[in-house]
Amino acid sequence: DASGIAVFSLMVIAIFRPDTFVWTIAQRQKALLMFALLVLFCALVFTNLGHNLFGYRFRAFTIFPVVIWAAFVFNLRVVSLAILVIWVFSLFGLSAGIGRFGTGLLADKIDVWLYNNVISMICLCLVMVNEQRKLAEREMHLAAEVYKSSGEAIMITDADARIQMVNRAFTRDSGYTLEDIKGMNPRILASGLHDDQFYRDMWASIARKDFWQGEIFDKDKFGRVYPKFMSISAVRDDKGKVSHYISISSDISERKEAEKNIHSLAYFDVLTSLPNRTLLRDRIDQMVSLSRRDSRQFALLFIDLDRFKYINDSMGHAMGDKLLQVVGGRLLGCVRDEDTVSRIGGDEFVVLLRDANAAGATSVAEKILKSLEVVSEIEGVQIATHASIGICLYPEHASDADSLIKHADAAMYHAKEQGRNNFQFYTAEMDFHATHLFSMEKDLRLALERNEFSLHFQQVGLLQKKIFGKKMLP
């Protein structure tokens with residue numbers, strides 16, 4: 001009685017719990033067929049219908065195929081309703097004294113309870129096992145769909161690193177289908193850019209931590225070498241032995257290209273692709289540190305194109321930009337690979353000469369002037385240009401980046417004062433002259449603001465006692 005009550009209570013709870021079963025038209029048709037067969041078989045077993053129609057009293061387990069079929073097809077709620085139908089028919093036959101258990105004997109009453117308990121427990125166990133199986137199948141199906149549709153390339157190998165499975169993203173990135181590489185070693189993807197030590201370190205990490213991740217270059221089916229970020233995980237079985245390796249990777253070519261573009265914009269001139277002021281400053285600082293440590297010299301040349309504004313105004317900025325590109329190329333042709341040519345703005349360039357003394361700087365400056373004297377033909381137009389160059393030496397003239405650029409700039413302006421198209425070395429007098437001019441300009445501006453000017457007129461040009469002009473003296 002206790003077990004019957006417990007089973008009956010479980011069925012009632014199952015009937016009223018939330019239903020997650022997906023009812024399709026086909027499922028509804030199967031459910032109607034199942035209940036129709038169940039009612040028919042219950043009537044044949046638990047009433048006199050079978051004896052009246054066929055002259056045969058059907059055995060109690062005739063119902064088993066129907067309920068087992070229900071347990072494998074439907075959910076717990078439907079199976080509980082089916083069992084409840086069996087209970088109702090069996091108890092009705094028992095109370096009415098008809099059917100298989102309708103003799104009225106105590107043994108039949110006990111058999112009814114045992115029968116209902118057994119069939120209920122069997123069906124409930126089967127349906128719960130079946131639900132767990134369906135849940136596992138759904139999870140496996142979901143995992144398979146995630147695996148197939150993942151945007152990241154996934155490759156699975158066995159314990160011997162033989163490729164077993166790849167997804168669509170792997171084929172998209174590498175060009176290889178599963179049929180192309182199944183059973184092969186992943187080394188078929190090797191780009192040749194990594195040495196043996198790189199792969200030894202990778203497998204050492206996998207052996208130690210069952211995991212490795214990092215950036216790696218691979219080669220696709222068509223020979224293209226591309227960067228990707230990859231992680232490799234080792235999968236172990238119940239005995240702790242490695243059964244599979246799973247590689248998950250993503251092509252980072254676009255990210256690398258974006259990083260390269262950002263770096264280029266930050267450190268290189270867009271027009272000429274030469275190092276800009278920021279990168280020049282960094283290289284000067286590095287050269288100062290190395291030269292101070294090794295007691296070496298280097299030279300900084302500040303170059304300004306003569307009358308470039310006239311070319312820009314008369315021929316247009318597009319023509320001026322092309323001329324700047326030509327000048328940048330010629331400057332590169334005048335220096336060594338270890339030297340630096342930088343465009344710091346407008347028509348101003350800086351050349352940084354490693355391990356150069358005054359003689360070396362003179363030689364390069366003369367070469368630059370001769371190179372720029374060659375007429376440039378741009379879009380059918382011949383353009384001649386010249387430059388003024390100021391030279392500053394480390395450590396003779398300055399010992400830091402700001403002072404080097406400042407003094408070379410002062411020397412360049414002195415070269416312009418000397419008639420342009422020449423070079424001048426920095427001297428201390430240039431600073432005095434520049435400071436004097438700046439101070440005079442400042443004093444004149446302040447005097448004008450403070451109304452400190454007064455005008456005096458001097459008569460000039462006395463001829464035949466007649467004044468024909470006056471000179472104004474501030």
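Of the possible donor and acceptor atoms, none in the side chain of Asp304 sits under 3.5 Å from a partner among the backbone N and O of Ser388.
Side chains of Gln132 and Asn130: no donor on one and acceptor on the other come within 3.5 Å. Looking only at atom types and distance, the side chain of Arg283 has no donor-acceptor partner in the side chain of Gln286 under 3.5 Å away.
Remark: His386 pairs with Asp306, Glu373, Asn421 by the side chain to side chain contact (heavy atoms under 4.5 Å, CB included) rule, at least two apart or across chains. In this view, Asp313 and Lys309 satisfy the salt bridge (Lys or Arg N to Asp or Glu O under 4.0 Å) rule, not counting sequence neighbours. Remark: Glu366 engages no residue in a salt bridge (Lys or Arg N to Asp or Glu O under 4.0 Å) (not counting sequence neighbours). Scored by the side chain to side chain contact (heavy atoms under 4.5 Å, CB included) test, Ile154 finds Tyr147, Ser150, Ile156, Asn167, Ile246, Ile248 as partners (sequence neighbours excluded). Taking the salt bridge (Lys or Arg N to Asp or Glu O under 4.0 Å) definition, one finds that Asp238 meets it with nothing, sequence neighbours left out. Residues satisfying the salt bridge (Lys or Arg N to Asp or Glu O under 4.0 Å) test with Arg162, not counting sequence neighbours, are Asp158, Asp160.
Applying the side chain to side chain donor-acceptor pair (under 3.5 Å) test to every pair with at least one member in residues 321-331, sequence neighbours left out, gives these pairs: Lys322-Glu379, Arg330-Ser376. Counting only residues at least two apart or on different chains, the ring-ring contact (aromatic ring centres under 6.0 Å, His included) pairs with a member in residues 273-323 are Phe298-Tyr394. Sequence neighbours left out, the pairs with a member in residues 268-279 that pass side chain to side chain donor-acceptor pair (under 3.5 Å) are Asp269-Thr272, Asp269-Arg343.
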Using a 3.5 Å cut-off and no angle test, enumerate the donor-acceptor pairs between side-chain atoms of residues 255-268 and protein atoms at least two apart in sequence or in another chain.
{"from": "Arg255", "atom 1": "NH2", "to": "Glu215", "atom 2": "OE2", "distance (Å)": "2.8"}
{"from": "Lys256", "atom 1": "NZ", "to": "Glu215", "atom 2": "OE1", "distance (Å)": "2.8"}
{"from": "Asn261", "atom 1": "ND2", "to": "Glu257", "atom 2": "O", "distance (Å)": "3.3"}

Could you list the donor-acceptor pairs under 3.5 angstrom formed by side chains in residues 356-363, with sequence neighbours left out?
{"from": "Asn357", "atom 1": "OD1", "to": "Ala359", "atom 2": "N", "distance (Å)": "3.2"}
{"from": "Asn357", "atom 1": "OD1", "to": "Gly360", "atom 2": "N", "distance (Å)": "2.9"}
{"from": "Thr362", "atom 1": "OG1", "to": "Ala358", "atom 2": "O", "distance (Å)": "2.8"}

Quiz: residues 205-214 side-chain donor-acceptor pairs under 3.5 angstrom, not counting sequence neighbours:
{"from": "Ser205", "atom 1": "OG", "to": "Phe211", "atom 2": "O", "distance (Å)": "2.8"}
{"from": "Asp210", "atom 1": "OD1", "to": "Arg236", "atom 2": "NE", "distance (Å)": "3.4"}
{"from": "Asp210", "atom 1": "OD1", "to": "Arg236", "atom 2": "NH2", "distance (Å)": "3.0"}
{"from": "Asp210", "atom 1": "OD2", "to": "Arg236", "atom 2": "NE", "distance (Å)": "2.9"}

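Lys416 NZ: more than 12 foreign heavy atoms inside a 6.0 Å radius.
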Salt bridge (charged side-chain N to carboxylate O under 4.0 Å, His left out) between Arg296 and Asp355, worked out: CA-CA 6 Å; Arg296 296 179 178 179; Asp355 295 331; 3.6 Å; yes
Quick one: do Arg281 and Asp402 satisfy salt bridge (charged side-chain N to carboxylate O under 4.0 Å, His left out)? Show the steps, please. CA-CA 8 Å; Arg281 176 61 182 267; Asp402 290 334; 2.8 Å; yes
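Aromatic pair Tyr245/Trp203: centroids less than 6.0 angstrom apart.
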